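Hydrogens, waters and symmetry mates play no part in the numbers below; they use all other heavy atoms, side chains included. Quick caveat: nothing in here was measured; it's all calculated off a predicted structure.
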Amino acid sequence: MIKPTKSARNRRLILILSTFAAALTLGGCGGGDSGDTIKIGEFASLTGATASFGTSSHNGSIMVIDAANASGGVLGKKIKLITQDDQSKPGEAATAVRKLISRDRVVALIGEIASSRSLEAGPIAQQSKIPMVSPGSTNPNVTKVGDYIFRVCFIDPFQGTVMAKFTLSSLKKTRVAVLTDVRQDYSVGLAQFYKDYLTKNGGTIVSEQSYSSGDQDFKAQLTSIKGANPEVLFVPGYYNEVGLIARQARELGITVPMLGGDGWDSPTLTQIGGAALENTFFSNHFSVEDKNPVIQDFVCTYRERFKKDPDGMAALGYDAAKVLLDAMTRAGTTEPAKVRDALAATVDFQGVTGKISIDPDRNATKPAVVLAIRDGGFHFAETIAP
């Protein structure tokens with residue numbers, strides 16, 4: 001027997017390590033379905049600037065997972081939800097998804113709420129052929145990443161149209177100022193779709209101003225807006241800045257109605273904005289005041305578990321997990337390609353945010369609600385269908 005040389009042993013070791021590393025990167029080949037456990041990954045902003053979004057969506061998702069496991073799991077196996085905190089930071093969502101796929105070998109993903117973070121992580125899921133279901137990313141480009149990317153929320157072209165219709169038909173206002181967060185794809189897209197519908201249907205944009213996430217002082221932009229004498233101020237931003245904008249707008253004497261999108265939906269909004277948010281409205285995915293038994297059962301269960309009312313992001317996290325588990329059940333397997341096909345075939349799934357049908361572009365077709373902020377709470381104003 002000829003003893004291998006040192007260089008030959010080194011080459012053999014390198015080959016073994018390379019093979020092992022390659023196996024780890026093949027998380028998309030069903031590695032998350034082993035033994036008696038199905039691994040599902042979740043990436044969410046549990047800390048940082050938009051922690052309210054991630055915490056709520058996670059609460060909704062874990063309710064579904066826990067209920068499913070208490071009933072025997074899915075396909076006879078228990079589900080393990082592996083959650084990564086992307087800290088509300090650029091770059092972290094991509095890192096989180098790489099870990100979930102290559103290290104944890106999940107068979108599917110839930111996330112994110114923020115469109116920018118879904119756009120960052122989506123290409124990784126697509127390349128790995130791992131189905132990804134976003135609870136709340138409304139920018140239309142999110143699902144354009146590829147055929148493994150889905151969402152259970154409506155999209156910004158619809159949401160922008162909803163609020164423009166509300167401006168013109170319900171408030172009967174035509175002169176609008178727009179204040180956009182230029183660092184968020186969500187805000188930029190929603191502003192554009194709102195403006196497109198408004199201006200094509202008799203409205204006028206009298207002032208356009210911008211800010212960046214994290215800003216604290218908006219007085220220069222608001223002073224310019226006040227000089228344009230608008231009848232409505234549309235602010236398609238996230239709750240942290242919106243609360244400050246509302247306070248500073250009222251301090252400057254801007255008393256017109258303020259409008260926004262689902263990025264407003266957080267209890268933190270009213271904690272920051274207080275009474276300045278009276279006479280404001282935003283589009284959202286559901287209302288706790290809806291008497292539908294499906295919604296009221298969800299609201300009561302959520303209140304009992306978390307000792308507070310669910311917001312729209314909690315409802316979306318719940319629906320994202322529900323739709324994903326339903327797809328696995330219908331597929332009869334956790335093989336990613338077959339789960340993808342089952343997700344694409346979802347029709348009239350009864351969620352807490354409405355009946356969900358997935359269209360050919362992997363977007364959810366469903367209605368929106370408009371909520372009014374009154375006496376420090378969010379109250380149902382009207383429903384607007386697609």
Side-chain angles (χ1 to χ4, degrees), residues 49-50 90 114-116 138-139 156-157 159-266 268-284 370-374:
T50 54
S115 294
S116 294
T138 53
N139 185 284
D156 287 333
Q159 184 173 202
T161 297
V162 162
M163 293 314 291
K165 283 183 177 179
F166 182 77
T167 302
L168 297 169
S169 301
S170 299
L171 297 182
K172 301 190 183 308
K173 307 294 186 184
T174 59
R175 292 173 51 82
V176 179
V178 179
L179 182 54
T180 306
D181 182 349
V182 293
R183 289 188 61 186
Q184 298 294 340
D185 294 315
Y186 160 80
S187 184
V188 173
L190 183 52
Q192 189 59 54
F193 296 120
Y194 175 88
K195 291 185 294 182
D196 287 347
Y197 186 91
L198 187 92
T199 55
K200 289 175 182 175
N201 290 275
T204 303
I205 304 300
V206 298
S207 177
E208 288 190 63
Q209 298 291 321
S210 65
Y211 66 94
S212 296
S213 300
D215 287 353
Q216 300 287 308
D217 187 349
F218 308 91
K219 290 187 173 65
Q221 298 97 315
L222 292 169
T223 298
S224 180
I225 285 170
K226 183 179 180 181
N229 194 30
E231 296 175 307
V232 166
L233 172 56
F234 184 60
V235 188
Y238 289 147
Y239 58 89
N240 281 318
E241 289 82 18
V242 170
L244 293 173
I245 289 167
R247 285 173 49 191
Q248 292 174 27
R250 301 319 187 202
E251 289 168 2
L252 288 171
I254 299 174
T255 59
V256 301
M258 284 179 55
L259 309 182
D262 61 334
W264 287 30
D265 188 22
S266 169
T268 305
L269 175 68
T270 50
Q271 293 170 15
I272 295 171
L277 289 161
E278 295 292 311
N279 195 31
T280 63
F281 305 86
F282 66 98
S283 50
N284 206 12
V370 177
L371 301 182
I373 301 180
R374 188 172 61 251

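Under the 3.5 Å distance criterion, the side-chain polar atoms of S187 are matched with a main-chain donor or acceptor of P236. The backbone N or O of L252 lies less than 3.5 Å from a partner atom in the side chain of K226, making a donor-acceptor pair. A donor-acceptor pair under 3.5 Å is absent between the side-chain atoms of S207 and the main chain of A177, judged by distance alone. R250 places no side-chain N or O within 3.5 Å of a backbone atom of A275 that could act as its donor or acceptor partner. Formation of a donor-acceptor pair under 3.5 Å by the D215 side chain with backbone atoms of S212 is found in this model.
T280 OG1 to E278 CD: the interatomic distance, rounded to the nearest 0.5 Å, is 7.5 Å. For the atom pair CG (N240) and CD1 (I272), the distance works out to 4.5 Å, reported to the nearest 0.5 Å. The CD atom of Q184 lies 8.0 Å from the CD atom of E241; values are rounded to the nearest 0.5 Å. Atom CD1 in I225 sits 5.0 Å away from atom CG in L233 (nearest 0.5 Å). For the atom pair CZ of F193 and CG of L198, the computed distance is 15.0 Å after rounding to the nearest 0.5 Å. Atom-to-atom distance recorded for K219:NZ and L244:CG is 9.5 Å, nearest 0.5 angstrom.
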**OP:** List the steps and the verdict of side chain to side chain contact (heavy atoms under 4.5 Å, CB included) for V206 and N229.
**Re:** CA-CA 8 Å; V206 298; N229 194 30; over 6 Å; no
**OP:** Check the pair L168, F166 against side chain to side chain contact (heavy atoms under 4.5 Å, CB included), reporting the backbone distance first and the verdict last.
**Re:** CA-CA 6 Å; L168 297 169; F166 182 77; over 6 Å; no
**OP:** In sequence, state the C-alpha distance, the side-chain angles, and the governing distance for L190 and M163, and then conclude on side chain to side chain contact (heavy atoms under 4.5 Å, CB included).
**Re:** CA-CA 10 Å; L190 183 52; M163 293 314 291; over 6 Å; no
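Among the candidates L259, N201, V162, the single residue satisfying the side chain to side chain contact (heavy atoms under 4.5 Å, CB included) test with T167 is L259.
Between A249 and L222 the shortest heavy-atom distance is N-CD1, 3.5 Å. Contact detail for I205 and K195: the closest heavy-atom pair is CD1-CG, 3.8 Å. Taking both residues in full, the closest heavy atoms of A191 and V178 are given as CB-CG1, 4.1 Å, listed atom of the first, atom of the second, then distance. Contact record, L277 with A246: CD2-CB, 3.7 Å, taken as the closest heavy-atom pair. In this structure, R183 and S213 approach most closely via the heavy-atom pair NH1-O, 3.4 Å.
Within the 4.5 Å cutoff, the side chain of V256 has no heavy atoms near those of the K173 side chain. When side chains are defined from C-beta on, Y197 counts as touching K165, because their heavy atoms get closer than 4.5 Å. Here the side chains of T180 and E208 are not in contact, with every heavy-atom distance at 4.5 Å or above. Using a 4.5 Å heavy-atom cutoff, the side chains of Y211 and L179 are in contact. Within the 4.5 Å cutoff, no side-chain heavy atoms of Q221 are placed close to those of Q248. Inter-residue side-chain proximity for W264 and L371 is flagged as unmet; no heavy-atom pair is nearer than 4.5 Å. Contact annotation: the side chain of N279 approaches that of P257 to within less than 4.5 Å [non-hydrogen atoms, C-beta and beyond].
The closest side-chain donor-acceptor pair between N139 and D185, if any, does not fall under 3.5 angstrom.
Judged as a side-chain contact (heavy atoms from CB on, under 4.5 Å), and not counting sequence neighbours, the contacts of S266 are S52, Y239, T268. A search for ring-ring contact (aromatic ring centres under 6.0 Å, His included) contacts involving Y186 returns Y238, not counting sequence neighbours.
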